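Please read the structure below before turning to the comments.
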There are 2 protein chains.
Amino acid sequence: MATRTRRTERREEPLSRERIVEAAIELLDTVGERGLTFRTLAERLTTGPGAIYWHVTGKEELLGAATDAVVAGTMPAGPADTTPQEAIRVLALGVFDAIETHPWIGDQLARSPGKSPMLRVFEHLGRQVQALGAPPAFQFTATSALLNYIVGVGGQNAADARAHHARTPDTSRAEFLDDASAAWADLDPVEYAFTRSVAGQLREHDDRTEFVAGIDLILTGITHRQPG
Amino acid sequence: MATRTRRTERREEPLSRERIVEAAIELLDTVGERGLTFRTLAERLTTGPGAIYWHVTGKEELLGAATDAVVAGTMPAGPADTTPQEAIRVLALGVFDAIETHPWIGDQLARSPGKSPMLRVFEHLGRQVQALGAPPAFQFTATSALLNYIVGVGGQNAADARAHHARTPDTSRAEFLDDASAAWADLDPVEYAFTRSVAGQLREHDDRTEFVAGIDLILTGITHRQPG
DNA sequence: ACATCTCTGGAATGACGTTCCAGAGACAGA
DNA sequence: TCTGTCTCTGGAACGTCATTCCAGAGATGT
């Protein structure tokens with residue numbers, strides 16, 4: 001009598017695109033983008049590299065899927081019950097915070113235009129720009145400006161996090177800013193007059209506050225827009 | 001092997017950091033970031049990979065030096081004789097155009113904050129923001145916003161160029177936009193209502209004009225800033 | 001029972017960044 | 001002129017990575 005019904009499946013938990021993406025996100029968060037290799041990923045999933053390629057076409061797609069999964073989680077479900085301005089701030093901060101917890105999506109967003117994650121953010125931003133009363137012919141421009149600013153900051157923050165982590169894993173953010181500020185203050189007085197003059201503000205600034213200030217700048221730009 | 005004539009130097013043109021950076025820029029421009037390898041670079045310079053490492057610490061520094069060389073070339077020499085607004089537009093367009101001719105610096109700028117190229121742009125932008133009459137406590141924020149927007153667009157454009165070049169080397173930019181626009185128009189009517197509504201604007205928009213519009217948005221934001 | 005399809009995972013492949021090292025040419029001091 | 005030292009060279013080697021190959025295990029349909 002052969003055993004007809006196997007209690008277990010082929011594997012306790014069969015490989016799947018979702019499980020792979022999930023494991024990839026975990027690796028990216030813990031060891032960074034450089035730490036994600038098909039070898040370590042295979043090890044973590046107790047399989048071989050070849051098996052992963054059955055579910056995923058390559059590393060690029062894997063990174064894209066991981067980014068999409070994270071970004072999708074930060075988008076609001078229903079319509080906002082606040083002012084468009086506030087909704088845009090919340091939206092932008094959602095992306096900002098997501099990049100802070102997962103620095104690698106900063107790079108990813110900055111280098112994958114037109115892809116699903118960017119479209120999600122674009123759509124949600126656009127709706128609020130519409131709600132803001134921007135004329136239709138201007139909505140594309142305004143939304144793009146917001147999005148470009150957001151991914152710009154995201155890319156810089158991601159790079160900052162990478163540098164911070166790589167060079168000085170122990171030092172606090174305050175020390176990091178102190179060093180950067182000191183470096184600015186040491187620049188050539190003639191060639192870098194302005195940069196030196198704001199070195200103090202670099203030391204005291206808060207990334208998040210600064211980020212929102214930039215958003216607000218664009219928002220007032222949108223509402224006070226000169227005809228032309 | 002007979003001794004050759006020794007009228008020349010050790011090499012006709014000895015290796016030097018500058019020659020290496022120059023060759024790297026050439027390779028980056030012709031074959032893209034993925035085409036720049038120490039092997040091809042060594043071949044182009046008729047030497048071995050090892051020799052390059054005597055002048056340059058690694059690939060990261062090489063890319064940084066190449067970016068710096070290009071960006072430095074786009075910065076204005078003396079003070080501008082126009083309005084600050086116009087000077088900022090010129091400055092931003094300089095970077096924008098540089099990225100269009102050398103797409104790889106888009107990526108590079110987006111991922112190397114605090115480095116020399118970014119500082120250069122920051123300094124020049126800041127001076128004009130100062131000239132704009134922005135209060136000192138606000139200059140850092142305003143300049144950062146401009147810079148972040150610029151690198152955001154830069155990163156997107158670089159990625160676009162990469163995708164455009166990789167997938168459809170033959171199609172024109174117009175066709176490329178047509179395809180993208182059609183893709184937007186095909187999106188889910190409920191989930192992507194806004195994006196669909198601006199699909200037409202995507203087709204007709206001009207990157208450069210759109211970019212300046214974003215700059216102007218931030219500029220009016222700076223000048224019309226709400227106290228707070 | 002057999003054939004076929006889906007999925008697996010270990011072994012190979014080829015390219016890359018980087019390091020190593022034996023030594024060629026330049027140069028200073030004898 | 002000889003000799004040792006220093007700068008710079010470039011070919012070979014190393015280790016790692018993404019990706020491909022492939023032999024076959026388990027399931028499924030006939």
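Letters go in sequence order (proteins before strands), and every chain restarts at 1. Predicted, not measured: the structure shown is a model, and the values here were computed from it.
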For B:G50 and A:G48, take the nucleotide of DNA chain C holding the closest heavy atom to each; which residue's nucleotide lies nearer the 5' end? A:G48
Ionic contact status for A:R127 with A:E123, cut-off 4.0 Å: yes
A:E26/A:R44 ion pair, N-O < 4.0 Å: yes
Give the rounded distance in Å between these two atoms: [atom1] of [X] and [atom2] of [N].
{"X": "B:E60", "N": "C:dC16", "atom1": "CD", "atom2": "P", "result": "19 Å"}
{"X": "A:L41", "N": "D:dC17", "atom1": "CG", "atom2": "P", "result": "13 Å"}
{"X": "A:R17", "N": "C:dC7", "atom1": "CZ", "atom2": "P", "result": "14 Å"}
{"X": "B:L45", "N": "D:dG10", "atom1": "CG", "atom2": "P", "result": "10 Å"}
{"X": "A:L15", "N": "C:dT8", "atom1": "CG", "atom2": "C1'", "result": "8 Å"}
{"X": "B:L62", "N": "C:dT18", "atom1": "CG", "atom2": "C1'", "result": "14 Å"}
{"X": "B:R34", "N": "D:dA18", "atom1": "CZ", "atom2": "P", "result": "12 Å"}
{"X": "A:Y53", "N": "C:dA11", "atom1": "OH", "atom2": "P", "result": "17 Å"}

Could you tell me whether B:L36 contacts a base, only the sugar-phosphate backbone, or nothing, with contacts defined as non-hydrogen atoms closer than 4.0 Å? sugar-phosphate
For the side chain of B:A51, starting at C-beta, report the closest nucleotide among D:dT19, C:dT19, D:dT9. D:dT9
Considering only side-chain heavy atoms of A:T37, which listed nucleotide, D:dT9, D:dT19, D:dA18, is closest? D:dA18
For [X] and [N], is the shortest distance between a side-chain N/O and OP1 or OP2 below 4.0 Å?
{"X": "A:T47", "N": "C:dT8", "answer": "no"}
{"X": "B:H55", "N": "D:dT9", "answer": "yes"}
{"X": "A:W54", "N": "C:dT8", "answer": "no"}

Going by the side chain to side chain donor-acceptor pair (under 3.5 Å) test, name the single residue among B:K115, B:Q108, B:R120 that passes it with B:D68. B:R120
Assess the side chains of B:E61 and B:T57: does a donor N or O sit below 3.5 Å from an acceptor N or O? yes
Provide the closest heavy-atom pair for A:A66 versus A:V21 in the form atom of the first, atom of the second, distance. CA-CG1, 3.8 Å
Taking donor-acceptor contacts at under 3.5 Å, does the side chain of A:R39 reach the base of D:dA18? yes
